[in-house]
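What you see is a predicted model; the values in this text were computed from it and never measured. Counting starts at 1 for both ligands and their atoms, following the listed order.
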Amino acid sequence: MPVDFSGTWNLISNDNFEGYMVTLGIDFATRKIAKMLKPQKVIKQDGDSFYIHTTSTFRDYSLQFKIGEEFEEDNKGLDNRKCKSVVTWENDKLVCVQTGEKKNRGWTHWLEGDDLHLELRCENQVCKQVFKRA
Ligand code: VLZ
């Protein structure tokens, strides 16, 4: 039985979100706002189906996918680049590969104790976020 990520999660730390956003080409003004945000994630996990909603006072981003099924991702409100994404289990980690213009793009979610961890990758940049249950 895989891990259950379901729940509402609040950001408590955010390392190198700046580097990640620079690599994605997010402009200076947007980065200045975005790095001050404390986004909340709402995750609904039902078997192989996932719904991940990241909300903030500035912008929201939502994603729906099934494990192993490739989908078109538009990254709307982020860098707006389209990519082909697929999410799989690697042991108890949820791993997304986002294939497109940017090399080495993707993310990994896992649980550590009571915390939700997220690593966001793009090219040579890694952003590390930690969330606690709301
Ligand atoms: O998360 O890809 O949980 O999509 C931040 C919104 C959303 C704030 C970051 C506005 C999305 C930023 C991170 C403006 C540039 C992400 C995945 C894993 C699901």
Under 4.0 Å, heavy atoms only, figure out whether ligand 1 is touched by the backbone of L120, its side chain, both or neither.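 For L120, only side-chain atoms sit under 4.0 Å from ligand 1.
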For ligand 1, is any non-hydrogen atom under 4.0 Å from R31's backbone (N, CA, C, O), its side chain (CB onward), both, or neither? neither
Is the side chain of R81 donor-acceptor paired with the backbone N or O of L24 at a distance under 3.5 Å, no angle test? yes
In terms of its nearest heavy atom to atom 9 (C) of ligand 1, the top option of L24, T30, L78, I26 is L78
Charged N to carboxylate O below 4.0 Å: is that the case for K84 and E73?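 The answer is no: the pair does not qualify as a salt bridge.
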NZ/NE/NH1/NH2 to OD/OE distance under 4.0 Å, E72 and K82: no
K128/E119 under salt bridge (Lys or Arg N to Asp or Glu O under 4.0 Å): CA gap, chis, key distance, verdict: CA-CA 5 Å; K128 180 68 201 299; E119 184 183 275; over 6 Å; no
Atoms in ligand 1 flagged as close to [X], the criterion being non-hydrogen separation under 4.0 Å:
| X | answer |
| --- | --- |
| I52 | 3 (O) |
| Y61 | 4 (O) |
| T54 | 7 (C) |

side-chain hydrogen bond (donor to acceptor under 3.5 Å, both in side chains) with R105: which of T23, T99, D79?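 Filter result, single survivor: D79.
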Is the H109 ring parallel, tilted or perpendicular to the W107 ring (thresholds 30°, 60°)?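 The arrangement is perpendicular - the two ring planes meet at more than 60°.
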Of the protein's non-hydrogen atoms, which lies at the shortest distance from [atom], and what is that distance?
| atom | value |
| --- | --- |
| atom 8 (C) of ligand 1 | L37 CD1, 3.8 Å |
| atom 1 (O) of ligand 1 | K41 NZ, 3.1 Å |
| atom 10 (C) of ligand 1 | R59 CB, 3.9 Å |
| atom 19 (C) of ligand 1 | L63 CD2, 3.6 Å |

Do H109 and ligand 1 have an N or O pair less than 3.5 Å apart? yes
Would you say the side chains of N104 and E123 form a donor-acceptor pair under 3.5 Å?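 E123 and N104 do not have a side-chain donor-acceptor pair below 3.5 Å.
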Ignoring hydrogens and angles, state whether a donor on the side chain of T108 or R121 is under 3.5 Å from an acceptor on the partner side chain. yes
